[in-house]
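Note sheet for the following structure.
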There are 2 protein chains.
Amino acid sequence: MTEMSGGPSSGTGVPGRIGIGLQLDAIHMKILEVLRENGRISVAALAERVGISRASAYTRFEALRADGVIKRFTAEVDHVRAGLGITALVFVTVRQQMWKQFRAQLAQMPEVEYCAITTGQHDAMIQVRMADVAAVHALVTERLASIPAVKATETVFILDEVLKRPYVLPSDHRPRQAPRRPPAADPPPPAGVPLGKMRFVGAAEGRADMRRQT
Amino acid sequence: MTEMSGGPSSGTGVPGRIGIGLQLDAIHMKILEVLRENGRISVAALAERVGISRASAYTRFEALRADGVIKRFTAEVDHVRAGLGITALVFVTVRQQMWKQFRAQLAQMPEVEYCAITTGQHDAMIQVRMADVAAVHALVTERLASIPAVKATETVFILDEVLKRPYVLPSDHRPRQAPRRPPAADPPPPAGVPLGKMRFVGAAEGRADMRRQT
DNA sequence: GTTGAAATTAGTACGAA
DNA sequence: TTCGTACTAATTTCAAC
């Protein structure tokens, strides 16, 4: 129930939905905006805030839900208050061709809140919430390390979560500046770049001393 | 509204709540479990699923909300369907003593879904959702790089989000094995370890060739 | 903390624009 | 499609236990 479904943005291998589904208009977006801020708002109040009739709101609401644009409604819990005060990120190097096993094992680890496959130096990043630092250590060394598919891990701790937005929507983005043709410098990214690790270092800035703590 | 409040797990510098607030019992946890899976369930249905009366459910529900254990209710939106098909992680090195400015600038960037301050090689990790790869590139090179507080960035793309759990609770964790005293090997983590980067490499495994793509 | 009522609100169905 | 209304079912509130 917690595994995501379909497509390279969420799949476990299950092929994504073929049809294009709903074509979202401005009103759909407005509904999503309201709902991501207040997932428990009544459809009547939603209709009012969006500026449509109750009946239309019900129709659109149901369509968004049925079409999977809205995946679920959830309560955001303060994990510290709930007893899980430590959050860590574990970067995992996965043994080639053991991805399926890796995914299967992850599904068995309920303390993992998030897992994404990434480009770059590591293969995956997982986020875990635990009661204390020792529990993170135990999880990484005893449970993650014992998965044959896991070749290596690297753990960092989260000191502070600065922001967490319910869900980002295109309407949040500033109106994309007209696809300008850059005058000379700052060329757009090469089309065929292998989505690897991009690196930027402040202009004329040595890359020495790039390590510190907060 | 999207900034998190209070305490080293969520603050922008605002001191955290002093009081201990609610003492959560098993029923509170059960309520949280239900609510994170279905944030729109009625309190009446919630009461039934948890096995308490409606009135109690209302009381506890309100208490959890008022106390901040439940921070908000939100709709999980399929960002791909919503038009933001690309997700990237940007690891940021922040210039010392410019954290405040860094946070302020981040608050101005609605395309940032998540930002956490971390230990390890980098100082912060931010997650962004954009319409395409070029937009990520533009964001990183034009907007992030123009923040004086940002010394350097490193970007990786998310190829697949394997799992995303609404919220992990202690009840998800397997019953913690009694705080065993390890026989000899595998000592618990040194108490005073600076929460830095922990690294694990599979036993007797060279650390060569640790790079691949999925 | 529980039960059982009243008052309010939500969800549905329908015809009309 | 969307809207407006009326109808039914459910939820929330509030009382007493």
Side-chain angles (χ1 to χ4, degrees), chain A residues 1 17-78 81-83 166-167 169-171, chain B residues 19-78 80-83 166-167 169-171:
Chain A
M1 181 214 270
R17 174 187 291 265
I18 303 293
I20 42 162
L22 266 187
Q23 196 66 26
L24 306 186
D25 60 21
I27 293 178
H28 285 119
M29 285 301 174
K30 223 166 171 183
I31 291 175
L32 294 178
E33 272 176 59
V34 173
L35 248 25
R36 70 176 182 169
E37 283 174 15
N38 181 3
R40 270 184 91 86
I41 194 174
S42 73
V43 181
L46 174 67
E48 190 180 24
R49 285 195 51 180
V50 171
I52 58 177
S53 72
R54 282 203 316 156
S56 295
Y58 275 109
T59 307
R60 285 170 174 271
F61 180 90
E62 250 318 300
L64 286 170
R65 225 184 190 311
D67 228 65
V69 180
I70 296 173
K71 293 192 285 193
R72 70 180 146 196
F73 293 92
T74 188
E76 278 194 18
V77 173
D78 185 329
R81 299 295 312 281
Y167 262 86
L169 295 174
S171 46
Chain B
I20 44 161
L22 266 186
Q23 196 64 27
L24 306 186
D25 60 20
I27 293 178
H28 285 120
M29 285 301 176
K30 224 167 171 181
I31 291 175
L32 294 177
E33 271 176 60
V34 173
L35 247 25
R36 71 179 179 167
E37 282 174 16
N38 180 5
R40 271 184 89 85
I41 193 174
S42 73
V43 181
L46 174 67
E48 191 181 24
R49 286 196 49 180
V50 171
I52 57 178
S53 71
R54 285 160 306 167
S56 293
Y58 277 106
T59 306
R60 286 168 173 273
F61 180 90
E62 249 316 295
L64 287 171
R65 224 185 192 309
D67 228 65
V69 180
I70 297 173
K71 292 192 285 195
R72 68 179 149 200
F73 292 92
T74 189
E76 277 195 20
V77 173
D78 185 328
V80 178
R81 298 293 313 280
Y167 263 87
L169 296 174
S171 45

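Bear in mind the structure is a predicted one, so any value in this text is a computation, not a measurement. Convention: sequence-line order gives letters A, B, ...; per-chain numbering from 1.
- Position along DNA chain C of the nearest nucleotide to B/Arg40 versus B/Arg60 favours B/Arg60 as the more 5'-ward residue.
- Spacing between atom CD of A/Glu62 and atom P of D/dT2 amounts to 15 Å, rounded to whole angstrom units.
- Judged purely by distance below 3.5 Å, without hydrogens or angles, the side chains of A/Thr74 and B/Glu37 never pair a donor atom with an acceptor atom.
- Nearest to the side-chain atoms of A/Val43 among the listed nucleotides D/dG4, C/dG11, D/dT12 stands C/dG11.
- A donor-acceptor contact under 3.5 angstrom links the side-chain atoms of A/Arg54 to the base of C/dG11.
- Between B/Ser56 and B/Ser53, the side chains place a donor N or O and an acceptor N or O closer than 3.5 Å (distance only, hydrogens not considered).
- In this structure, A/Phe61 places its CZ atom 12 Å from P of C/dA10, rounding to the nearest Å.
- Looking only at distances, a side-chain donor or acceptor of A/Arg40 sits under 3.5 Å from a matching main-chain atom of B/Ile41.
- Distances shorter than 4.0 Å separate none of the side-chain N or O atoms of A/Ser42 from OP1 or OP2 on C/dT9.
- Across all strands shown, A/Ala44 has heavy atoms under 4.0 Å from sugar-phosphate atoms exclusively, and none from any base.
- Put simply, B/Ser53 has no side-chain N or O that comes within less than 4.0 Å of OP1 or OP2 on C/dG1.
- Judged by closest nucleotide on DNA chain D, A/Thr59 is the one of A/Thr59 and B/Ala55 placed further toward the 5' end.
- Using a cut-off of 4.0 Å between Lys/Arg side-chain N and Asp/Glu carboxylate O, A/Asp67 and A/Arg60 are scored as not salt-bridged.
- As a whole-Å value, the separation of A/Glu48 CD from D/dT2 C1' is 17 Å.
- Rounded to whole angstrom, the span from the OH atom of A/Tyr58 across to the C1' atom of D/dA10 amounts to 11 Å.
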